[in-house]
Amino acid sequence: QVQLVESGGGLVQAGGSLRLSCAASGSIFSINALGWYRQVPGKQRELVATINSGGITNYADSVKGRFTISRDNAKNSVYLQMNSLKPEDTAVYSCNADVKTGRYTRPRDYWGQGTQVTVSS
């Protein structure tokens, strides 16, 4: 089994910054893509940012230029630096990892439990 644990959420004023962290542990052979998603009540979960094993990143238009995703392969971790936060960034942020648990196993998605980010105006 694989577990993802997020940290770093909280309450911040508009214009402020937060850094989210997510560490994967368990039976990990390799991790392909890592990503951050967010969801507010009553809405679908949306992609925030992803980073593949080669370090190529992808961002939602709404966060480009403000958020930066990065990964530390040695620590099986992914980070999300969030700057210039806006009230509309308020959501539960969850990390996602595409993980192989063995050399010949198919990769599958794993999710963290989520961390609340609240941006006050």
Side-chain angles (χ1 to χ4, degrees):
Q1 275 290 356
V2 175
Q3 298 82 38
L4 302 182
V5 178
E6 299 108 335
S7 61
L11 173 64
V12 65
Q13 286 189 331
S17 299
L18 282 174
R19 179 178 168 87
L20 304 183
S21 300
C22 174
S25 62
S27 301
I28 298 171
F29 175 78
S30 64
I31 300 178
N32 300 323
L34 288 158
W36 288 96
Y37 293 74
R38 66 187 182 187
Q39 188 170 24
V40 297
K43 292 189 176 182
Q44 283 191 324
R45 181 165 54 196
E46 64 173 359
L47 178 148
V48 176
T50 61
I51 182 168
N52 70 9
S53 56
I56 296 174
T57 58
N58 178 53
Y59 295 92
D61 287 342
S62 59
V63 307
K64 282 181 181 176
R66 301 188 297 122
F67 291 10
T68 302
I69 189 171
S70 60
R71 64 190 287 169
D72 184 335
N73 293 329
K75 295 182 179 180
N76 290 330
S77 294
V78 61
Y79 309 96
L80 186 68
Q81 178 66 44
M82 305 185 292
N83 299 328
S84 302
L85 282 160
K86 304 175 181 179
E88 51 263 43
D89 294 318
T90 295
V92 174
Y93 285 70
S94 299
C95 67
N96 168 270
D98 186 38
V99 179
K100 291 187 65 173
T101 55
R103 180 181 297 274
Y104 303 108
T105 60
R106 291 185 176 182
R108 58 157 287 190
D109 276 347
Y110 291 87
W111 291 89
Q113 81 285 356
T115 185
Q116 177 70 45
V117 171
T118 302
V119 184
S120 63
S121 57

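Everything quoted here is computed from the prediction, not taken from an experiment.
Exactly one of Asn96, Leu47, Val78, Thr50 qualifies for a side chain to side chain contact (heavy atoms under 4.5 Å, CB included) with Trp36. That residue is Val78.
In this structure a side-chain-to-backbone donor-acceptor pair under 3.5 Å is present from Tyr59 to Ile69. Glu6 places no side-chain N or O within 3.5 Å of a backbone atom of Leu20 that could act as its donor or acceptor partner. A distance-only check finds no donor-acceptor pair linking the side chain of Thr57 to the backbone of Ile51 [under 3.5 Å].
Rounding to the nearest 0.5 Å places CZ of Phe67 at 5.0 Å from CG of Leu85. Taking OG1 of Thr101 as the start and CZ of Phe29 as the end, the distance is 10.0 Å to the nearest 0.5 Å. Summarising the geometry, atom CD belonging to Gln81 is positioned 8.5 Å from atom CG belonging to Leu18; distances are rounded to the nearest 0.5 Å. The distance from atom CG of Leu34 to atom CG of Leu80, rounded to the nearest 0.5 Å, is 12.0 Å. A distance of 7.5 Å separates OG in Ser94 from CD in Gln113, rounded to the nearest 0.5 Å. Here the OH atom belonging to Tyr110 is positioned 11.5 Å from the OG atom belonging to Ser25, to the nearest 0.5 angstrom.
Side-chain contact check for Asn32 and Ser53: no donor-acceptor pair (N or O, by modelled atom type) lies under 3.5 Å.
Shortest non-hydrogen contact noted between Pro107 and Asp98 is CB-OD1, 3.5 Å. Considering all non-hydrogen atoms of both residues, Ala14 and Ser121 come closest at CB-CA, 4.4 Å. Of all heavy-atom pairs spanning Ala24 and Ile31, the tightest one is CB-CD1, 4.1 Å. In terms of heavy-atom proximity, Ser84 sits nearest to Ser17 at N-OG, 4.4 Å.
For Thr118, the side chain to side chain donor-acceptor pair (under 3.5 Å) partners at least two apart in sequence or on another chain are Gln116. The side-chain contact (heavy atoms from CB on, under 4.5 Å) test applied to Val40 returns Lys43, Ala91, not counting sequence neighbours.
Within the structure, every pair that satisfies the salt bridge (Lys or Arg N to Asp or Glu O under 4.0 Å) test and touches residues 62-90, not counting sequence neighbours, is listed here: Arg38-Asp89, Asp61-Lys64, Arg66-Asp89.
Both Val12 and Met82 are assigned to one and the same hydrophobic cluster, defined by single-linkage of ILVMFWY side chains at heavy-atom distances under 4.5 Å.
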